[in-house]
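All remarks here apply to the structure that follows.
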Amino acid sequence: MKVAMFTNTFTPHVGGVARSVQGLVDELRRLGHDVLVVAPRFDHQHEDGAGVVRIPAVQNFNGTDFSIPLPAPLKMAGALKDFNPDIIHSHHPFLLGDTALRLAASSTVPVVFTHHTRYEQYTHYLPGDSAALKHFVIDLVIGYCNLCNGVVAPSESIADILRSHNVQSPVEVIPTGIDPLYFAKSDRGSPRRRLDIPEDAFIVGHVGRLAPEKNLPFLVDAVAQFLLQTPNARFLLVGEGPAREEMLGSLARQGLTDRLHLLGVVDRQVLADAYRCMDVFAFASHSETQGMVLAEAMAAGTPVVALDASGVREIVADAVNGRLLYEEKVDSFVMALAWLAEVPEDQRTRLRQNAYQTAEQYSQENCVRKMLDFYTRLTGSQPSLHRIEESGWQSARKMITKEIEIIRNYGHAIEETLRWLPLAKNLQRPED
């Protein structure tokens, strides 16, 4: 099968969607399928091999590490025509996702969309964030889903959300796959030696993009409280992002800097070592569609403490492979970490074994074979250009644009008022 992937985030960008797309591409190719990836060009990236078309992009959008692709329809249309795909797989409902939908319609091939992200929880990256903007973003996503021939939900929670919002297109639950054996292949001692982490320390770990939508202030507060009451405990943090300095500052103010091991962005081998170093993986995000890092941690035999949320409750079973907390309370999170630190060794072994078994359900090969079956069932269907132009998705796109323009106008008016206020005060005549 020939599959064209359209994604706004791809290597070398670090994040769940980029890793998910790369894993899907690699496994499809390993199974003998042809894949063309259309993605933004990043600064200082290495040259891609065959099968990747890079589009010019605006770097570091709105102060983030995201790249926003610019339109290049002729280049993409030519590459797509030469590739002649059997199916187009879009990974976003905007930017290159927009192009994917239109090219699929004009090329008479089906289009599949994977709902990787709770987009309404990311509007703080846009100018003019507001309740109205969040509403328009939800409309945008649902409208996009209904223009596609099929929608992939990474978890049952996300499938339920999509159906509750009246998504009419077929929705298939297919998690992002991982390689369980890769993360499980080393013992727990040698990674600590390689990363210079004390072998007798109790390690609380976290892996992910350090960004506001990940609920990191809560996580850091809980981990800090646990460290303060557990002298031999340390915090292993893997990742980069805009919330990094705030997290480090919080730990420094509590005198915990010397008990933090900060690895930043790492390659796959170091990532596997990091998971194997951990005694518990701590996770507090509410914005996940699956939480791939949870499955990776469990593949390394690491139990998880997490808040109940979409994409989390399907993986974490309370007191089976970790702790699943139904209330967002720091004290409860600290108690769960302490429970794992104090649990008898035989029970700790069972938790690790159950974590291994959970991770096996998310093997890359099993997940990709489910994806191929979904592709095959959709072959022969196609989106309609007429439906695109008259869709709720198109209306939401226009309303989002208008909302941002309105907020920008308000901001400009306020700036102008503030700029003229001192002058106006000086021009006022004194009272007679």
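Positions are given from 1 along the sequence. Note that the structure is a prediction, hence the values are computed from the model and not measured.
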Quiz item: Is there a side-chain contact between Ile87 and Thr376 (heavy atoms, below 4.5 Å)?
Solution: no
Quiz prompt | Nearest non-hydrogen partners of Asn8 and Phe94, listed with the distance | solution = ND2-O, 3.3 Å
Quiz item: Are the side chain of His206 and the backbone N or O of Ala282 linked by a donor-acceptor pair below 3.5 Å?
Solution: yes
Self-check item: Distance, nearest 0.5 Å, that separates CG of Leu251 from CG of Leu260
Solution: 6.0 Å
Quiz item: When rounded to the nearest 0.5 angstrom, what distance separates CZ in Phe113 from CG in Leu101?
Solution: 10.5 Å
Exercise. Report yes or no: does Arg54 contribute a side-chain atom to a donor-acceptor pair with the main-chain N or O of Pro40 at less than 3.5 Å?
Key: yes
Quiz item: What are the two closest heavy atoms between Ala297 and Tyr275, and how far apart are they?
Solution: CA-CD2, 3.6 Å
Quiz item: Hey, are Asp373 and Arg369 close enough for a salt bridge, meaning a charged N less than 4.0 Å from a carboxylate O?
Solution: no
Quiz item: Atom CZ in Arg268, atom CD in Glu296: separation rounded to 0.5 Å?
Solution: 8.5 Å
Quiz item: Got Thr176 and Arg19 here, is their nearest side-chain heavy-atom distance under 4.5 Å?
Solution: no
Quiz item: Does a side-chain N-to-carboxylate-O contact under 4.0 Å join Arg313 and Glu288?
Solution: no
Quiz item: Who are the side-chain contact (heavy atoms from CB on, under 4.5 Å) partners of Ala299, not counting sequence neighbours?
Solution: Ile178, Pro180, Phe183, Ala359
Quiz item: Are Gln364 and Asp26 close enough that some pair of their side-chain heavy atoms sits under 4.5 Å apart?
Solution: no
Practice problem: First locate atom CD of Gln168, then atom CG of Leu147, and finally report the distance between them rounded to the nearest 0.5 Å. | Solution: 12.0 Å
Quiz item: Where the side chain of Arg259 meets the backbone of Leu227, is there a donor-acceptor pair that is under 3.5 Å apart?
Solution: yes
Exercise. Using a cut-off of 6.0 Å, state whether more than 12 heavy atoms not belonging to Asp196 lie near its atom CG.
Key: no
Practice problem: Go through the steps for Glu172 and Val112 under the test side chain to side chain contact (heavy atoms under 4.5 Å, CB included), then give the verdict. | Solution: CA-CA 10 Å; Glu172 193 82 358; Val112 173; over 6 Å; no
Practice problem: Enumerate the residue pairs fulfilling ring-ring contact (aromatic ring centres under 6.0 Å, His included) with a member in residues 235-256, sequence neighbours excluded, ordered by first and then second residue. | Solution: none
Practice problem: Anything under 30° is parallel, anything over 60° is perpendicular, the rest tilted; go ahead and classify His91 against His89. | Solution: parallel
Exercise. Carefully, step by step, assess Phe6 and Leu80 under the rule side chain to side chain contact (heavy atoms under 4.5 Å, CB included).
Key: CA-CA 11 Å; Phe6 284 72; Leu80 201 68; 4.2 Å; yes
Quiz item: Would you say Pro154 and Glu314 make side-chain contact, with heavy atoms under 4.5 Å?
Solution: no
Quiz item: So which heavy atom on Ala159 is nearest to which on Val173, and how close?
Solution: CB-CG2, 3.7 Å
Quiz item: Taking all non-hydrogen atoms of both residues, which atom of Leu351 and which atom of Pro303 are closest, and how far apart?
Solution: CB-CG, 4.1 Å
Practice problem: Look only at the side chain of Ser90 and the backbone of His92, and say whether a donor-acceptor pair between them is shorter than 3.5 Å. | Solution: yes
Quiz item: Does Glu199 offer a backbone N or O that forms a donor-acceptor pair with the side chain of Arg192 under 3.5 Å?
Solution: yes
Exercise. Could you grab the distance from atom CD1 of Ile158 to atom NE2 of His115, nearest 0.5 Å is fine?
Key: 6.0 Å
Quiz item: Gln290 versus His116: any side-chain heavy-atom pair under 4.5 Å?
Solution: no
Self-check item: Non-neighbouring partners of Asn215 that pass side-chain contact (heavy atoms from CB on, under 4.5 Å), sequence neighbours left out
Solution: Phe218, Ala284, His286, Leu307, Glu328
Self-check item: Thr257: partners by side-chain contact (heavy atoms from CB on, under 4.5 Å), with sequence neighbours left out
Solution: Ala252
Quiz item: Just how far is it from atom CG of Asn321 to atom OG1 of Thr302, taken to the nearest 0.5 Å?
Solution: 11.5 Å
Practice problem: Verify side chain to side chain contact (heavy atoms under 4.5 Å, CB included) between Val312 and Leu294, making sure each step is shown before the conclusion. | Solution: CA-CA 8 Å; Val312 176; Leu294 305 180; 4.0 Å; yes
Exercise. Step through the shown structure and confirm whether more than 12 heavy atoms of other residues, nucleotides or ligands are within 6.0 Å of CD on Glu246.
Key: no
Exercise. Flag the pair Arg352 / Asp279 as yes when at least one side-chain heavy-atom distance between them is below 4.5 Å, and no otherwise.
Key: yes
Self-check item: Least distance between heavy atoms, Glu213 atom then Ser285 atom
Solution: O-OG, 3.9 Å
Quiz item: Any side-chain heavy atom of Val304 within less than 4.5 Å of one from Ile315?
Solution: no
Practice problem: Please name the pair of heavy atoms, one in Ala222 and one in Val330, separated by the smallest distance, quoted to 0.1 Å. | Solution: CA-CG1, 3.9 Å
Practice problem: Kindly say whether Gly97 contributes a backbone atom to a donor-acceptor pair with the side chain of Tyr144 at under 3.5 angstrom? | Solution: yes
Could you give the side-chain donor-acceptor pairs of residues 27-38 under 3.5 Å, partners two or more places apart or in another chain?
from, atom 1, to, atom 2, distance (Å)
Glu27, OE1, Arg30, NE, 3.1
Glu27, OE2, Arg30, NE, 3.2
Glu27, OE2, Arg30, NH2, 2.7
Arg29, NH2, Val35, O, 2.9
Arg29, NH2, Gly51, O, 3.2
Arg30, NH2, Glu365, OE1, 3.4
His33, ND1, Met1, N, 3.0

Quiz item: Could you go step by step and tell me if Leu237 and Leu210 meet the side chain to side chain contact (heavy atoms under 4.5 Å, CB included) rule?
Solution: CA-CA 10 Å; Leu237 182 61; Leu210 308 183; 3.9 Å; yes
Quiz item: For Gln347, what residues pass the side-chain contact (heavy atoms from CB on, under 4.5 Å) criterion, not counting sequence neighbours?
Solution: Trp339, Val343, Pro344, Arg350
Exercise. Evaluate the side-chain proximity of Phe283 to Val316: yes if any heavy-atom separation is below 4.5 Å, no if none is.
Key: no
Quiz item: Got a sec: does the NZ of Lys2 have more than 12 other heavy atoms crowding it under 6.0 Å?
Solution: yes
